[in-house]
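Just so we're on the same page: letters track the sequence lines, and every chain starts at 1.
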Protein chains: 2
Amino acid sequence: MASMATLFSKTSFPSHSLSKNFETHFAPSVRINVPSLGAKKRAYPRLRVSAGLIEPDGGKLVELIAEESQRDIKKREAFSLPRIKISRIDLEWVHVLSEGWASPLHGFMRESEFLQTLHFNSLRLEDGSLVNMSVPIVLAIDDSQKHQMGESRKVALFDSRDNPVAILNDIEIYKHPKEERIARTWGTTAPGLPYVENAITHAGNWLIGGDLEVIEPIKYHDGLDRFRMSPAELREEFTRRNADAVFAFQLRNPVHNGHALLMTDTRRRLLEMGFKNPVLLLHPLGGYTKADDVPLDWRMKQHEKVLEDGVLDPETTVVSIFPSPMHYAGPTEVQWHAKARINAGANFYIVGRDPAGMGHPVEKRDLYDADHGKKVLSMAPGLERLNILPFKVAAYDKTQGKMAFFDPSRAQDFLFISGTKMRTLARNKENPPDGFMCPGGWKVLVEYYDSLIPSDSGKVPEAVPA
Amino acid sequence: MASMATLFSKTSFPSHSLSKNFETHFAPSVRINVPSLGAKKRAYPRLRVSAGLIEPDGGKLVELIAEESQRDIKKREAFSLPRIKISRIDLEWVHVLSEGWASPLHGFMRESEFLQTLHFNSLRLEDGSLVNMSVPIVLAIDDSQKHQMGESRKVALFDSRDNPVAILNDIEIYKHPKEERIARTWGTTAPGLPYVENAITHAGNWLIGGDLEVIEPIKYHDGLDRFRMSPAELREEFTRRNADAVFAFQLRNPVHNGHALLMTDTRRRLLEMGFKNPVLLLHPLGGYTKADDVPLDWRMKQHEKVLEDGVLDPETTVVSIFPSPMHYAGPTEVQWHAKARINAGANFYIVGRDPAGMGHPVEKRDLYDADHGKKVLSMAPGLERLNILPFKVAAYDKTQGKMAFFDPSRAQDFLFISGTKMRTLARNKENPPDGFMCPGGWKVLVEYYDSLIPSDSGKVPEAVPA
């Protein structure tokens, strides 16, 4: 995957270079804004990272990782405090919080933040303004953990291998209203929601909020850590590339040429609008996903091939991993996906059909209306500054032998290849039509399904459509 | 109930009187604002109704009732249009919409309003600002009604006796995602939610939104119509009384002396803050309530006695009926209750323990955390202008022989008389401790329970605590 790492440094600028600075104006009613081209250039030797990029929520990127000189002290302190053992998903949230993806949050939510998230999908700041926050970022504890804590105002979080990860300060413990949390986040309480079953149903009946101090950067040692750029690192990269627009593409599935068409077409549109150097943030989700999704390491291999095959331009593409776990909460979650990318410097967000959706766990239908995600996103409080770019539908154009934007006036020329269809082909080692996906990327998919050891029943987990 | 009607005219001012006009400033972080006492008086001969009172949401009170001269024309038009027969609850919502309780809504919600309500409990106006809107005000239709509508851009709403009620213009039909609506509104999908069973479960799979034109004012001919003052009429009344603060008290239960204490104490606090003439809006909910609540007519009789007995001061109290149906949706619904009262001119809202709450329909617990209502209310987008006054807990002080604010330092002196306890006493024709409720009001309650014909099982419906 070395070729991907090189993407981050292909276009290098000396660190003292002049940064372009746009006076950007965002009007809620006009989603697309054009930079004022006459804006004068100014030098920001010390503010280089954020110059010209969209401001993080709350005005300042939150970073919660202890200074290197303090780490040993914090580690010793952690050993002296009451302990909470955290799960893998909890650790992923610590990671998310530590790097400021959820800015301006400073730690796991206290009750007032939790309630605002559930009811309003937004948080009110001290100045009265709202930032978006649609998904509860909370830490559950059970009765005995609560009891062990006694009167302590601080607790230490330890990972599954008993390593100290963080200290939670000035804690607040409050009830974990599981049913209400699930209903308001997913719009259903049907059994079988993957995140719910993994992280809520068996979790404790209390939530603990507080200010987080993370002892050292979270690493997973899975060979992919170098792709996990923090929002600060991404901002630095975009600035180094002199990006005057950053458009983010969230994904948790293999990239096919329909996606690629969409991303290159978005860049074309941004250039037409007057931007000089729009950069794509290709941003696969790297945290918890359900069992039948293609795992992160295989997806990263597939993305690598797509870039090697030249389907996307490495000069104007940054590939990085978004560390958040996946809720599969549709219109509620897509707001989180968009908001986090603002904090990483993106001011354009591409949204497709049924973002963060899945099939209803009990009924034979999609859980969410396929159009609600983009509608909700375009109306969400706190996301007014973000330009929402709705997907056009791409399909396989039989007359051209490639993926193209669907033209309803000649519908018979198009072939829709669903995610299910794609996976069935890969599993059977058959090839899709030429031009659907670059051959290298397709080969990775075939290898992945080949690698699956059939379970006792002989059945391979069935992936759901993208 | 004649004595109540007189409340509205006891303090009469000539209609050309000078209205007090305060320059009020509301800061989100400081909930209580003090009027600038030096504000000069100005005459508003034509703007008398709203001078000095809090502005309605969206700046203008919406009124959707046809001018008298147009009513025959509208009626004839209604007969020429495709018809939707509406239920009693639908009619109550037409009433609510017609008088502007839900300003700036102009009719049943279209999809964008419905989605914003579900996800954000607020609506964004054209100028980018937010108004609160927490409860979906929607009209459901079924497949055959949708089919009958054809390509019509208008439909007529007819009541259960086939009288034309309103015309819905420029309609939009969209899917009725019942499960999601219920989950996001109530925070549960458990069976047994009264409003859900009455108005959603068996409703159609489509929602129809549009601009409402109501043919004539909605009347119920139940002897209580004269108490159903519209927001415009209430504003006129508050202005006539020269109110410089209006504090609203929502209720759907009999008034006991604890409530009365709270209301008189609120007035005392407002006077201390510098207001000269705070007026109480005692505002019982008059729309749909569940079977085990005390019915509206009995509650009105009870409220009448409370006023006759001098427990509340008629000079500074306006009793009126709030026409909304009840959702029992706790923290979500209390926002609606508060927002509607802004439109009626109230700038202070009293909120108690577990507002709009009820027992969980399946589990043995309250559906909502008793403190969430006031917390959510105090943080709700669009309610920044409203001053939230949280309840103090009142209980029966045995040493004084009356209701008093609970003093935890002498807890043993207090007796908590729950709603259940109160109703059990009334049903058994026993008396509560002296000073719990005025004798005339208590007598009404005893009569009400006496009037109930025991059902087959010999059991009288059990009311849940207030």
Problem - Charged N-O contact under 4.0 Å between A/R385 and A/D57 - result: yes
Exercise for the section: Indicate yes or no: does B/E172 engage B/R153 in a salt bridge with an N to O separation below 4.0 Å. Expected result: no
Completion exercise
Pair count under 4.5 Å, heavy atoms only, with chain A: among B/V376, B/T185, B/T332, highest is B/V376
Completion exercise
Counting heavy-atom pairs under 4.5 angstrom with chain A, the leader among B/L118, B/L115, B/L367 is B/L115
Completion exercise
When the 4.5 angstrom heavy-atom criterion is applied to B/L130 and chain A, the contacting part is side chain
Exercise for the section: Against chain A, label B/S134 side chain, backbone, both or neither, depending on which of its atoms sit under 4.5 Å from a heavy atom there. Expected result: neither
Problem - Region of A/D369 that comes under 4.5 Å of a non-hydrogen atom in chain B - result: side chain
Practice task
Would you confirm whether the ring centroid of A/H327 sits within less than 6.0 angstrom of the ring centroid of A/W186?
Solution key: yes
Exercise for the section: May I ask you to check if B/R341 and B/F322 form a cation-pi contact, with NZ or CZ under 6.0 angstrom from the six-membered ring centre and within 45° of the axis? Expected result: yes
Exercise for the section: Heavy-atom pairs under 4.5 Å with chain B are the metric here; pick the option from A/H119, A/H372, A/E180, A/E111 that has the most. Expected result: A/H119
Exercise for the section: For the pair A/F114 and A/Y174, name the ring-plane relationship: parallel under 30°, tilted 30 to 60°, perpendicular over 60°. Expected result: tilted
